[in-house]
There are 2 protein chains.
Amino acid sequence: MLHQETYHSVRHPVPMGFPRRSAASQERPLSEALTEVGVRHRYSRNSEIFGEGEPVENVYLVVSGAVRTYKLLSDGRRQIGDFHIQGDVFGLEVGDERQFTAEAIADSVVMVASRSALVSMANDDTSLAAELWSHTANDLKRAQDHLLLLGRKRAQERVATFLLDMAGRNRADIIVELPMSRQDIADYLGLTIETVSRTLTRLEDDEAIEIPSSRRIVLSDKRALRRLNA
Amino acid sequence: MLHQETYHSVRHPVPMGFPRRSAASQERPLSEALTEVGVRHRYSRNSEIFGEGEPVENVYLVVSGAVRTYKLLSDGRRQIGDFHIQGDVFGLEVGDERQFTAEAIADSVVMVASRSALVSMANDDTSLAAELWSHTANDLKRAQDHLLLLGRKRAQERVATFLLDMAGRNRADIIVELPMSRQDIADYLGLTIETVSRTLTRLEDDEAIEIPSSRRIVLSDKRALRRLNA
DNA sequence: CGACGGCTTGATCCGAGTCAATCCTGGTGG
DNA sequence: CCACCAGGATTGACTCGGATCAAGCCGTCG
């Protein structure tokens, strides 16, 4: 039985679904299962959670703070694949080896659960199995949107897309608190730090956004941003 | 039970694995299941197989020919997410709506199977269920490599990576037959057709490759290409 | 209050894009 | 069999968006 959910409904508690069979088969079994079997762990700013090439042992849930996942080229160029904030599950992979590195962006608290434990739970819980698959599928969906951004959007469009996406994640909606630095944003958007900075300034001049402080952006004209989103 | 395989072992027949329980539980149950329950269908060059936004009904296996999947921006800029050739499964998604469009690059023969049929088969066949997940995870892995390419590699590196990837897919290894046009390659690599063409010419001048005809590339110096691959 | 790290701004450069001809080459019809 | 044609590919000249290089600025924390 396929059980599909949007990224948001996975991330944010939803009003207690229809319980089936057991207590484990509710609307968001993955983060629940992970919370049940996982262990709380604290990572300080910029510390590595796992590294590319390491064996895959655990799956993670962000309790507080934020995490970046990225790949490096041999000369140090970095591409951040995604950011993970409170409520996000990350590090769920199927293969033996980590495909990327994960680091805490800020001091963070994370639940750490063994993948094999989750997978064996999924053997008796169809809805958990479905959500494991569904979570990977959702990561893929995000990656595909990101491909379009990196391959075909101009700097302004990239930044606008990024801001709208960040706004969609919190329920703050119009005020975006950025947990990450300009360098992180640049490496996520395939730009340089200078271009990110200039583009934000330009959007502020055009009155699409306000920047009360460098880590806080107010999306005062979302319509304008969406227009840029192509 | 997790059952992990590389993209290649999924794509190319492997010497009959260890049969478990039933005949369906072999080494590559997904393409087998798809072949069993699927219907052969022919698509002519440039015809659409499914379109972004349409409901997801089927899953596909390329029998012959080649397929591209892509997203468009409103002004027509196109980003190709991946190419699919003989033996590849594509169009396996978890959500309700197609996230991208699929088109035949050349006249192609494809097996078409209903997703719900496959999913219900997976209910009684753990190894099929595992491979459904594993297939999506593999698409994600490829997408992540592609993110690094689009976000951080220069034109020469992109083309070198592309050629090595294409070579890795066939077992031809050193002679690559390209089913797609320069425009397709450009839209896959986030470049223009002119840049792709110039870069290939440059690689030929540098004696990393030979181009006996525009659709056939000989990777005469793979080491040089790998060096470019960063 | 000073210093450091992160951010912004300015000046200049350059890799890839754009615009514009050709140049194949594979397919067609005479 | 050959000449022609159309669409794809290559090449050239020039442009431009974003990168690079280089100062400053600002806010936070000791």
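If you're wondering where the values come from, they're calculated on a predicted model, not measured in any experiment. Throughout, a chain's letter reflects where its sequence line sits, starting with A, and its residues are numbered from 1.
Of the candidates D/dG17, D/dT10, C/dC7, the closest approach to any side-chain atom of A/Arg154 belongs to D/dG17. Checked against C/dT8, D/dG18, D/dT10, the side chain of A/Leu191 finds its nearest nucleotide in D/dG18. The side chain of B/Ala155 has C/dA16 as its nearest neighbour among D/dG18, C/dC7, C/dA16.
Using a 4.0 Å heavy-atom distance criterion, B/Ser213 is classed as making no nucleic acid contact. Heavy atoms of A/Arg45 sit under 4.0 angstrom from primed sugar atoms or phosphate atoms, though from no base atom. The residue A/Thr192 sits close to a base: some heavy atom pair falls under 4.0 Å. As judged by a 4.0 angstrom heavy-atom cut-off over every strand, A/Leu200 is placed among residues making no nucleic acid contact. At the heavy-atom level, B/Ser197 lies under 4.0 Å from base atoms of the strands shown. Residue A/Arg158 is classed as having no contact, given no heavy-atom separation below 4.0 Å to the nucleic acid. Contacts of B/Ser181 with the nucleic acid, taken as non-hydrogen atoms under 4.0 Å apart, involve only primed sugar atoms and P, OP1 or OP2. B/Arg202 comes within contact range of no nucleotide atom at all, as no heavy-atom separation falls under 4.0 Å.
Judged by the 6.0 Å distance and 45° axis criteria, B/Arg68 is not positioned over the aromatic ring of B/Phe83.
Ring centers of A/Tyr60 and A/Phe90: under 6.0 Å apart, within the cut-off.
Distance check: A/Ser74 OG to B/Arg227 CZ gives 12.0 Å after rounding to the nearest 0.5 Å.
Side-chain N/O atoms of A/Glu210 and A/Ser220 include a donor and acceptor closer than 3.5 Å.
One finds no salt bridge joining B/Arg98 and B/Glu54 here, because no Lys/Arg side-chain nitrogen approaches an Asp/Glu carboxylate oxygen to under 4.0 Å. In summary, A/Asp82 and A/Arg169 engage in a salt bridge, as defined by a charged side-chain N under 4.0 Å from a carboxylate O.
Distance CD (B/Glu157) to P (C/dG15): 12 Å, rounded to an integer number of Å. In this structure, A/Ile193 places its CD1 atom 7 Å from C1' of C/dC7, rounding to the nearest Å. Atom pair A/Ile211:CD1 and C/dG6:P shows a separation of 18 Å (rounding to whole Å applied). Distance A/Met180 CE to C/dG5 C1': 18 Å, rounded to the nearest Å. Atoms CD (B/Glu204) and C1' (D/dT11) sit 14 Å apart, rounded to a whole Å. Summarising the geometry, the separation between CD1 on A/Ile105 and P on C/dG6 is reported as 14 Å, rounded to the nearest angstrom. A/Asp184 has its CG atom 10 Å from the P atom of C/dG6, to the nearest Å. Between the C1' atom of C/dG6 and the CG atom of A/Leu178 lies a distance of 14 Å, rounded to the nearest Å.
Within a 6.0 Å sphere centred on CZ of B/Arg215, other residues, nucleotides and ligands contribute more than 12 heavy atoms. Shown here is B/Arg42, whose CZ atom has no more than 12 heavy atoms of other residues, nucleotides or ligands within 6.0 Å.
Applying the 4.0 Å criterion to OP1 and OP2 of D/dA19, one finds that A/Thr195 has a side-chain N or O inside that range. Here B/Arg215 reaches the OP1 or OP2 of D/dA9: one of its side-chain N or O atoms lies under 4.0 Å away.
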If you restrict it to nitrogen or oxygen atoms, what contacts under 3.5 Å exist between nucleotides 19-23 of chain C and the protein, and what is each distance?
{"from": "C/dC19", "atom 1": "N4", "to": "B/Glu194", "atom 2": "OE2", "distance (Å)": "2.9"}

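Comparing A/Thr201 and A/Arg152 against DNA chain C, the residue whose closest nucleotide sits nearer the 5' end is A/Thr201.
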